[in-house]
Novice: 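Take a look at this one; I'll ask things after.
As the structure is a computational prediction, the values presented were derived from the model and not from experiment. All values below come from the heavy atoms of this structure, side chains included, with hydrogens, waters and symmetry mates left out.
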Amino acid sequence: MNPISSSARCEGQCPTDDLMDDWLLLSSESAAPQHLEASREDQNSEDRGKLKSKLVSAWNSVKYGWSLKQKSKFSKSSPVVMFGQSYELIDQGERERFRRSFVTLLWLTYRRGFPQLPGGSLTTDSGWGCVLRTGQMLLAQGLLLHLMPPGWTVSHHVVRDDMDLLGLNSKEGSNKRGRRLSLDLHLVRPMAATHRRVVSWFADNPTAPFGIHKLVELGKSSGKKAGDWYGPSIAAHILRKAVAASTDLPNLVVYVAQDCTIYLEDVRRLCERPPPQSWKSVIILVPVRLGGQELNPSYITCVKKLLTLQCCIGIIGGKPKHSLFFVGFQGNGSTVYIIITVFSCLMSVRSLIFSSSGPAVQKDDHLLYLDPHYCQPTVDITKENFPLESFHCKHPRKMSFSRMDPSCTIGFYAKGQKDFESLCAAVNEALSTSAETYPMFIFSEGKSQEEEKGGNTPPNNITFIQRKNERKRVDTCNSMDEFVLL
């Protein structure tokens, strides 16, 4: 998201209504002076709004177009974990397998030049729609697991490494610079048609079930409109409504956790069907907040463990006011942590953390992500064999865990009842790492109060973190979300 416009977008500002017809401005002899003056004001205001939108779009194209060419440095001494799979980058075959898996992920970014969004004249989501785009990417990952066979990847030919590995000799590096990468997205049938169909569901037109137009329309019930800032929790509820409204996925449902709790009875009610029909597949979305203004480091280990699970389909997260789709991490597996508690009457209890490599704390731990901020032209998906290249990213990027915004939504997928039971067991084990502080979220028998009341709307805009019977309001003005979850 463009930092220049973030504060304005966060406050809910958006461009004004549609342009006045030109004849209103040219027919000064027939129009009253007051009407002419008002028309000119509307025209000027709308022109400023459109100009600002174009400038924001151009800014993002230049800024993120340049940054996409700046590849992240990956250490060959530490494995990369992505969606439950581990890749040893020191091995050429493993590096190729990781690259193939990464390129397969659907990359949904800002677009420009699509039909006007409802309620205004916006033809781009550049500068405000990054959370919706990361939400689309999480849903797309769930749909690929739902519809594609296990281990499916796009077919491509790689003739150059897209990753810069630390420690490579100069001769190898110079040989790489002279080569280019080509991406062949001609997929093996019949998966080619299914892959193309999934991409079309996220097209930037009013008829696409998970496109930006549909998500903006569904956001109205949460008080949002085109140009507003969407938090990860609001995005989760919008995705739930979008899947429920779609006729293309009768065997899939989306469940959104309430108050950081997955209510098992609610999930069973959504998924169970009369015999001989099987359970519906389910995408579980858990909005959480992992700290106050900054990420609580106590949760980093738990986040990493969740990303190692094959049932995890990613995290709608990012940096403050800058949404990213987290798909994995690279960490230093050899680090050993020793916690020494120091007591002093003059100082509060502190934890001194040392690693086997020195005093730095988790210096090699980085999140792997897809960035939606690169603004691309809209693709006409009505054309036969429309181009797919702009929906796949070739360059993996990473950032330090310490920069992660505490507000995020974690996604999981279970294809059937047995998979859901396995999911509960695996996620519960991963959550146990944060039990000594405050668990990220929990599983509970029974049903939520929202279900008992028959409601399905997001919780109130402000809640509280409660510690030892003391209620504290947390300042989240720099965070991505509108409220704090217990």
Novice: Parallel, tilted or perpendicular: which fits the ring planes of Trp107 and Tyr374, with parallel below 30° and perpendicular above 60°?
Specialist: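 Plane angle under 30°, so parallel.
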Novice: Ring of Phe325, cation from Arg133 - is the NZ or CZ under 6.0 Å from the centre and inside 45° of the axis?
Specialist: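 Negative - Arg133 is either too far from the ring of Phe325 or too far off its axis.
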Novice: Tell me whether the count of non-hydrogen atoms from other residues, nucleotides or ligands lying under 6.0 Å of CD in Glu294 goes above 12.
Specialist: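 It does not: Glu294 CD has 12 such atoms or fewer within range.
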Novice: Looking only at heavy atoms, what is the nearest atom pair of Pro149 and Met191, with distance?
Specialist: CD-SD, 3.2 Å
Novice: Checking Ser200 side chain against Arg197 main chain: does a donor-acceptor pair fall under 3.5 Å?
Specialist: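 Yes, because the side chain of Ser200 sits within donor-acceptor range (under 3.5 Å) of the backbone of Arg197.
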Novice: Salt-bridge test for Arg397 and Asp371: reply yes if a basic N is under 4.0 Å from a carboxylate O, no otherwise.
Specialist: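 No salt bridge links Arg397 with Asp371.
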Novice: Check step by step if side chain to side chain contact (heavy atoms under 4.5 Å, CB included) holds for Leu105 and Cys393.
Specialist: CA-CA 8 Å; Leu105 305 179; Cys393 182; over 6 Å; no
Novice: I'd like to know if the side chain of Lys224 and the backbone of Leu218 have a donor-acceptor N/O pair within less than 3.5 Å.
Specialist: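 Such a contact is absent between Lys224 side chain and Leu218 backbone.
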Novice: As an exercise, state the distance from CZ of Phe443 to OG1 of Thr261, rounded to the nearest 0.5 Å.
Specialist: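 The CZ atom of Phe443 sits 10.5 Å away from the OG1 atom of Thr261.
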Novice: Is any side-chain heavy atom of Val303 less than 4.5 Å from a side-chain heavy atom of Leu295?
Specialist: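 Not touching, per the 4.5 Å side-chain cut-off.
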Novice: For a side chain to side chain contact (heavy atoms under 4.5 Å, CB included) check, start with the C-alpha distance between Ser101 and Phe83, then their side-chain angles and the critical distance, and finish with the verdict.
Specialist: CA-CA 10 Å; Ser101 298; Phe83 293 134; over 6 Å; no
Novice: Using the rule given for side chain to side chain contact (heavy atoms under 4.5 Å, CB included), can you reason through Tyr413 versus Asp419, listing the C-alpha separation, both sets of side-chain angles and the distance that settles it, and then say yes or no?
Specialist: CA-CA 9 Å; Tyr413 170 79; Asp419 291 329; over 6 Å; no
Novice: Check whether any side-chain heavy atom of Pro206 sits under 4.5 Å from a side-chain heavy atom of Lys214, and report yes or no.
Specialist: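 When only atoms from C-beta onward are counted, Lys214 and Pro206 do not touch, as no gap falls below 4.5 Å.
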Novice: Are any non-hydrogen side-chain atoms of Ile442 and Cys260 less than 4.5 angstrom apart?
Specialist: no
Novice: Do Ser221 and Lys241 have a side chain donor and acceptor closer than 3.5 Å?
Specialist: yes
Novice: Enter the distance from Glu88:CD to Glu94:CD here, rounded to the nearest 0.5 Å.
Specialist: 6.5 Å
Novice: Between Ser422 and Lys418, is there a donor-acceptor pair closer than 3.5 Å when you use the side chain of the first and the backbone of the second?
Specialist: yes
Novice: Quick check: do Tyr110 and Pro372 have side-chain heavy atoms less than 4.5 Å from each other?
Specialist: no
Novice: Show the nearest heavy-atom pair for residues Ile238 and Gly219, with the distance to one decimal.
Specialist: CD1-CA, 3.7 Å
Novice: Quick check against the 3.5 Å criterion: does Arg97 have a side-chain atom that pairs as donor or acceptor with the backbone of Arg100?
Specialist: no
Novice: Under 3.5 Å, side chain of Thr109 to main-chain N/O of Cys375, donor-acceptor pair present?
Specialist: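 Looks like no, no N/O pair under 3.5 Å.
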Novice: How many angstroms lie between atom OG1 of Thr382 and atom CG of Asn205, to the nearest 0.5 angstrom?
Specialist: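 Answer for the OG1-CG pair, Thr382 versus Asn205, is 8.0 Å.
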Novice: Is the backbone N or O of Leu89 less than 3.5 Å from a side-chain atom of Arg95, with the two atoms forming a donor-acceptor pair by type?
Specialist: yes
Novice: Does a donor on one side chain sit under 3.5 Å from an acceptor on the other, for Asp405 and Ser407?
Specialist: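 On atom types as modelled, these side chains do not qualify, holding no pair under 3.5 Å.
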Novice: Where do Leu306 and Ala430 come nearest, in terms of heavy atoms and distance?
Specialist: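 Closest pair (atom of Leu306, atom of Ala430, distance): CD2-CB, 3.7 Å.
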Novice: How would you list, by chain and number, every residue that makes a ring-ring contact (aromatic ring centres under 6.0 Å, His included) with Phe202, sequence neighbours excluded?
Specialist: Phe210
Novice: Would you call Pro406 and Asn296 a side-chain contact if the rule is heavy atoms closer than 4.5 Å?
Specialist: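 A side-chain contact under 4.5 Å is absent here.
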Novice: Counting N and O atoms only, with roles assigned by atom type, does the side chain of Gln141 sit under 3.5 Å from a partner on the main chain of Gly314, one being a donor and the other an acceptor?
Specialist: no
Novice: Restricting to non-hydrogen atoms, name the atom on Arg196 and the atom on Phe386 that form the minimum distance, rounded to 0.1 Å.
Specialist: NH1-O, 2.5 Å
Novice: I'd like to check the side chain to side chain contact (heavy atoms under 4.5 Å, CB included) partners of Thr378; sequence neighbours left out, ordered by chain and number.
Specialist: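 Per chain and number, Thr378 pairs via side chain to side chain contact (heavy atoms under 4.5 Å, CB included) with Arg111, Phe114, Asp204.
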Novice: For His146 and Leu249, indicate whether the former's side chain and the latter's backbone hold a donor-acceptor pair under 3.5 Å.
Specialist: no
Novice: Charged N to carboxylate O under 4.0 angstrom, Glu96 versus Arg99?
Specialist: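 A salt bridge is present here (some side-chain N lies under 4.0 Å from a carboxylate O).
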Novice: Carefully, step by step, assess Cys312 and Phe412 under the rule side chain to side chain contact (heavy atoms under 4.5 Å, CB included).
Specialist: CA-CA 4 Å; Cys312 181; Phe412 304 94; 4.2 Å; yes
Novice: Would you say the side chain of Phe420 lies within less than 4.5 Å of the side chain of Cys271, judging by non-hydrogen atoms?
Specialist: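 No - every pair of side-chain heavy atoms lies 4.5 Å or more apart.
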Novice: Out of curiosity, Leu132 CG to Ile316 CD1, how far, rounded to the nearest 0.5 Å?
Specialist: 9.0 Å
Novice: Using a 4.5 Å cut-off on heavy atoms from C-beta on, say whether the side chain of Val131 contacts that of Trp229.
Specialist: yes
Novice: Any side-chain heavy atom of Leu307 within less than 4.5 Å of one from Leu367?
Specialist: yes
Novice: Going by atom types only, do Ser78 and Gln330 share a side-chain donor-acceptor pair under 3.5 Å?
Specialist: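 Ser78 vs Gln330: no donor-acceptor pair found between side chains.
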Novice: What closest approach, in Å, do Lys394 and Val103 show between heavy atoms, and which atom pair accounts for it?
Specialist: CA-CG2, 4.3 Å
Novice: Would you give the length of the straight line joining atom CD of Gln136 to atom CG of Leu139, rounded to the nearest 0.5 angstrom?
Specialist: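 Output value for this atom pair is 8.0 Å.
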Novice: Do you know the tightest heavy-atom contact between Gln116 and Thr123?
Specialist: CG-CG2, 3.7 Å
Novice: At what distance, to the nearest 0.5 angstrom, does CG of Leu117 lie from NZ of Lys225?
Specialist: 13.0 Å
